[in-house]
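Written below as structure tokens is the structure these notes are about.
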Amino acid sequence: MFAKRLAYLRKKNEYTQQRVADFLGITRPAYSAYERGTREPDYESLQKLANFFGVSTDYLLGRTDNPNSDISIAYDGGIKYEDEDEREFIEQQLEQYRKMKKRMQERLKQDKNN
């Protein structure tokens with residue numbers, strides 16, 4: 001799943017393997033091995049790839065089909081709020097986080113284009 005998603009994201013963004021390899025600080029053949037599924041990135045490289053493409057590591061690893069999933073709570077049955085005030089507060093905080101995340105993704109995209 002990782003190899004397919006990585007190749008898909010690279011092609012979707014019209015990047016060469018060399019460009020992604022340069023971003024990661026590895027050789028093109030090493031990056032090519034990621035897309036072939038014969039090599040896996042270390043944790044730091046996985047995070048860099050997620051940031052580079054603006055997706056979550058869970059998406060890259062095939063744990064979710066949502067490229068921009070936030071914190072996954074599906075495994076514990078979902079959020080359980082103490083009361084309505086807590087629910088409202090948490091939703092406001094989540095909205096602020098999403099806005100900040102979007103701004104950071106836009107900055108990363110600008111940095112990649114420079």
Side-chain angles (χ1 to χ4, degrees):
M1 180 64 71
F2 171 75
K4 288 181 182 179
R5 289 206 169 157
L6 191 58
Y8 166 77
L9 289 168
R10 180 183 58 78
K11 291 173 185 175
K12 176 183 167 195
N13 287 285
E14 300 179 1
Y15 297 147
T16 63
Q17 287 185 343
Q18 187 64 56
R19 181 170 182 184
V20 182
D22 289 345
F23 175 79
L24 293 173
I26 61 176
T27 64
R28 191 208 48 79
Y31 174 79
S32 178
Y34 292 166
E35 288 192 7
R36 286 192 319 274
T38 58
R39 181 177 174 177
E40 295 178 347
D42 60 21
Y43 180 73
E44 182 181 342
S45 296
L46 180 65
Q47 287 182 310
K48 284 182 178 181
L49 285 165
N51 289 336
F52 186 75
F53 290 114
V55 298
S56 70
T57 55
D58 280 350
Y59 176 77
L60 282 175
L61 296 172
R63 294 184 60 189
T64 181
D65 290 331
N66 181 351
N68 298 308
S69 65
D70 293 322
I71 301 167
S72 176
I73 56 173
Y75 296 106
D76 67 358
I79 297 175
K80 295 166 184 65
Y81 300 108
E82 291 287 323
D83 56 31
E84 189 62 23
D85 288 338
E86 182 182 66
R87 183 195 63 75
E88 186 176 316
F89 174 78
I90 290 172
E91 287 181 2
Q92 289 172 353
Q93 296 301 308
L94 184 57
E95 182 61 29
Q96 290 298 315
Y97 164 76
R98 287 178 176 151
K99 287 178 183 177
M100 180 181 68
K101 181 179 174 183
K102 185 176 180 179
R103 285 193 305 267
M104 290 302 296
Q105 288 173 338
E106 289 170 359
R107 283 186 193 158
L108 285 171
K109 192 172 186 177
Q110 287 175 351
D111 290 346
K112 285 189 291 187
N113 293 331
N114 292 335

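Since this is a predicted model, take the numbers as computed values, not measurements.
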| said: So, taking the atom named NZ in Lys11 and the one named CG in Asn13, what distance separates them when rounded to the nearest 0.5 Å? | reply: 13.0 Å
| task | Evaluate the criterion side chain to side chain contact (heavy atoms under 4.5 Å, CB included) for residue pair Leu46 and Phe2; output intermediate values, then yes/no. | result | CA-CA 10 Å; Leu46 180 65; Phe2 171 75; 3.8 Å; yes
| request: Calculate, to the nearest 0.5 Å, the distance between atoms CD and NZ belonging to Gln96 and Lys99 respectively. | output: 5.0 Å
| request: To the nearest 0.5 Å, tell me how far Leu60 CG sits from Leu6 CG. | output: 6.5 Å
| Partner set under salt bridge (charged side-chain N to carboxylate O under 4.0 Å, His left out) for Glu106, not counting sequence neighbours | none
| Separation between CD of Glu44 and CG of Leu49, rounded to the nearest 0.5 Å | 11.0 Å
| said: Quick check: is Leu61 connected to Tyr59 through a chain of hydrophobic side chains (ILVMFWY, heavy atoms under 4.5 Å apart)? | reply: yes
| query | Does anything in residues 20-30 pair up under salt bridge (charged side-chain N to carboxylate O under 4.0 Å, His left out), and if so which pairs, sequence neighbours excluded? | reply | none
| remark: Those residues at least two apart in sequence (or on a different chain) that pass side-chain contact (heavy atoms from CB on, under 4.5 Å) with Arg10 are Tyr15, Gln17, Val20, Tyr31, Glu35, Phe53
| task | Using the rule that two of Ile, Leu, Val, Met, Phe, Trp, Tyr join whenever any of their side-chain heavy atoms come within less than 4.5 Å, decide whether Leu108 and Val55 are in one cluster. | result | no
| query | Can you list the residues that meet the side-chain contact (heavy atoms from CB on, under 4.5 Å) rule with Lys12, with sequence neighbours excluded? | reply | Tyr8
| note | The residue among Arg87, Glu88, Glu95 that forms side-chain contact (heavy atoms from CB on, under 4.5 Å) with Glu91 is Arg87
| Can you name the side chain to side chain donor-acceptor pair (under 3.5 Å) partners of Glu40, sequence neighbours left out? | none
| request: Could you list the residues that satisfy side-chain contact (heavy atoms from CB on, under 4.5 Å) with Ala30, not counting sequence neighbours? | output: Ile26, Thr27, Arg39
| field | Straight-line distance of Arg98 CZ to Arg103 CZ, nearest 0.5 Å | value | 14.5 Å
